[in-house]
Enquirer: 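Please see the structure below; I have some questions.
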Amino acid sequence: MPTPRLSITLIQRPFPRIVLTSLWFGLLSLPLMMELKAPFFGLERPLLVSAGVAMAGLMRLAVSQRGGPGAERVQRMVGSIGGAVRHLTEQIDRRVIYVVAVASAVVIPLSLNRYHIDILTQVGIYVTLALGLNIVVGLAGLLDLGYVAFYAVGAYTYGLLSTRVGLSFWEVLPLGALLAAIFGILLGIPVLRLRGDYLAIVTLGFGEMIRITLNNWDSVTRGPNGILGIARPRLLGFTFSSPIDYYYLILVIVLLTIFVVDRLNQSRIGRAWTAMRDDEVAAEAMGINLMKAKLLAFGLGATWAGLAGVFFAAKMTFISPESFTFFESVIILCMVVLGGMGSVLGVILGASMLVILPEMMRQFALYRMLIFGGAMVVMMVLRPQGLIASSRRGIALGPKDRQGSASAAVTSPQKMG
Amino acid sequence: MLVQQLINGLTLGSVYALIALGYTMVYGIIELINFAHGEIYMLGAYMGIITFGLLTTLHLTFPTSGAALLIMMVMAMLFCGACGITIERLAYRPLRGASRLAPLISALGVSIFLQNFVMLAQGPRDKGFPHLFAGEGIDLFGSRISAIQMFIMATSVLMMAALQLLVHRTKIGKAMRATAQDMQMASLVGIDVDRVISATFLIGSALAGVAGIMVGMYYGLINFFIGYIAGIKAFTAAVLGGIGNIPGAMLGGLLLGLIEALGAGYISSEYKDVFAFAILVLVLIFRPSGLLGKDISRRV
């Protein structure tokens, strides 16, 4: 019975402190709410203030209760959802789940309208991107804030090669992925020695440099006007044109991504990455070649962004630097963080949520980034491991042990790097 | 031309230095890159406009615009300092001792939150900053230093001198230096580490608030997005000088301003922002400890 306990702890808190913190946030947000024209105070402003104060007060409450019974309760509630999902997937034969999931992904869109199929295609693009970033951030623990640059590399590779050279989609698809991987490694080489926080800034700078270059290099990229009239993919005389065609195309890419990332996750390289993420020095002492592991992470992570970029260019038939801003990087990072760093299932869930929820809340579109920002903080403070924590098991366990490990993950969520 | 570029560069550089101080002080103590610091600077600029609006609406007139400016700066410092402390309590303190990635992502979240909060509250369009300086400026070697430029440089120097005094001559400054050297040891000898960290955020944020007002006056326009690029540049300045090192941040800021002004003047103004990133990458590759970063015992 989580709900009664939670409400009790809310009441038990010293009342004046909640009021004081709320007042404090009101005081902080009030000046920013002031309208500069006469009449000095607009009427809709107080509404915004009170909403902000209430939210801030609740956030403060949640934060101050971290480790307290209330927070633990919330944590456990979120955790048990993730745990239940994982528990369920462990009970049933994995192959059955795969078949059911793939079958429904193939069949269900047939009954949907174009708008919904378009959204599902978006989900596909972002799942590919987020799984790629998950290799870098979630598995290898390297915070990359310029991931969108590789997406741009893929998109512009197809855009340029299609309009100028006339190469087809299928020729460019591996080329774009390869070029993105090369860019990833090129970025990786200079930053090999950097620690996490420096790395974040350098990758951010790298992303911005690519975007500024795309914006200003008029003779090649046509600057802010972008590239128009990119060819649609063709296969054996069939041209991809309706949303459902693109949906099936991205579905194939997504399935390939999931398969490869999952295999990588459980491979030697994947283990090397996780070891490196948790403790670089210890990992090196155990014989892991850090340089190789980091470059592989950058390269393999960027590959998927390149693939997604080529697909994006082919679907939109138009690209411009505007699609590749820093915020795109942030949103992809949010998907990884909210879903659960390092967990493939979590990342897919995160990407789906962050594409579908904003579509459902169109009227709150303005508040989307505000909520993203707040959610990132709350998530880090309350549940840093994301909705579905990544599980790490060395060997296959018996059914009884499985149950034990699933519930252990729920009650004592481990810290994620 | 050259002298004019140097003057412009020094003006911009002294602002970068003021913001860089906040990054460097926080990094020196808790080894966190405070992504939200650029946003604090943006809040300072907005607070300046709002205070000015409040003063004119209340029909408070002053014999000189200097008095109004002083009030604006004090308000911005107070407001930004309060915001800095609050952000630390809310988003960073609960994550102390967590993995290194967690506070970074949390800081990024604060940054996005503040940007969008201001965009929603104050609108996405550019806002004009009041003209408070009518001064002519003076001619120097055929170039002109405007009154605003003189004011910016003088204020920055004053602020930095005050900060140096605070760090080296006061009790809280001593506590800050001790905490930067060894947080655990500092708490063992009776220093309230939480208070020291709060003070660091307060001071750094107040300096960023002043920088916000100065840039607002210099360019005449502000918007909710100015904190992003200024934050990255100030961070570059801090790294250039050696992060964690206060004189380093000042030197790095001035150098970065000069390089950028010269680059924009002689190479290409379109790629102005690329220079800052290129410098950052080069410094990190060839001298990760920065120009003055060797002297570890002096970092605060």
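So you know, we letter chains A, B, ... as the sequences are listed, proteins then strands, and number each from 1.
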Enquirer: For Ile232(B), is it the side chain, the backbone, both or neither that has a heavy atom under 4.5 Å from a heavy atom of chain A?
Expert: side chain

Enquirer: Between Leu108(B) and Leu145(A), is there a side-chain heavy-atom distance shorter than 4.5 Å?
Expert: yes

Enquirer: Given side chains that start at C-beta, do those of Val377(A) and Phe113(B) come closer than 4.5 Å, heavy atoms only?
Expert: no

Enquirer: Could you pull out every donor-acceptor pair under 3.5 Å between side chains of residues 36-43 of chain B and any protein atom, sequence neighbours left out?
Expert:
{"unit_1": "His37(B)", "atom_1": "NE2", "unit_2": "Ile19(B)", "atom_2": "O", "d": "3.1"}
{"unit_1": "Glu39(B)", "atom_1": "OE1", "unit_2": "Ser111(B)", "atom_2": "OG", "d": "2.8"}
{"unit_1": "Glu39(B)", "atom_1": "OE2", "unit_2": "Gln115(B)", "atom_2": "NE2", "d": "3.1"}

Enquirer: If you take all heavy atoms of Phe117(B) and Leu370(A), which pair is closest and at what distance?
Expert: N-CD1, 3.4 Å

Enquirer: Within the supplied structure, the quantity of interest is the number of heavy atoms (other residues, nucleotides, ligands) at a distance under 6.0 Å from Arg96(B) CZ; does it exceed 12?
Expert: yes

Enquirer: How long is the gap from CD on Glu208(A) to CD1 on Ile229(B), to the nearest 0.5 Å?
Expert: 5.5 Å

Enquirer: Within a radius of less than 6.0 Å around CZ of Phe183(A), do more than 12 heavy atoms belonging to other residues, nucleotides or ligands occur?
Expert: no

Enquirer: Below 4.5 Å from any heavy atom of chain A, which atoms of Met75(B) appear? Answer side chain, backbone, both or neither.
Expert: neither

Enquirer: Indicate the ring-plane relationship of Tyr228(B) and Phe326(A), choosing parallel, tilted or perpendicular according to the 30° and 60° boundaries.
Expert: parallel

Enquirer: Run the side-chain contact (heavy atoms from CB on, under 4.5 Å) test against Asn215(A) and tell me which residues pass, sequence neighbours left out.
Expert: Arg211(A), Pro224(A), Pro321(A)

Enquirer: With only heavy atoms counted, which part of Ile371(A) is less than 4.5 Å from chain B, the side chain, the backbone, both or neither?
Expert: neither

Enquirer: Which pair of heavy atoms, one from Leu333(A) and one from Ile105(B), lies closest together, and at what distance?
Expert: CD2-CG1, 4.5 Å

Enquirer: Which bit of Phe327(A) is near chain B, if near means a heavy-atom gap under 4.5 Å: side chain, backbone, both or neither?
Expert: side chain

Enquirer: Of the listed residues (Thr86(B), Thr51(B), Leu114(B)), which shares the most heavy-atom pairs with chain A below a 4.5 Å separation?
Expert: Thr86(B)

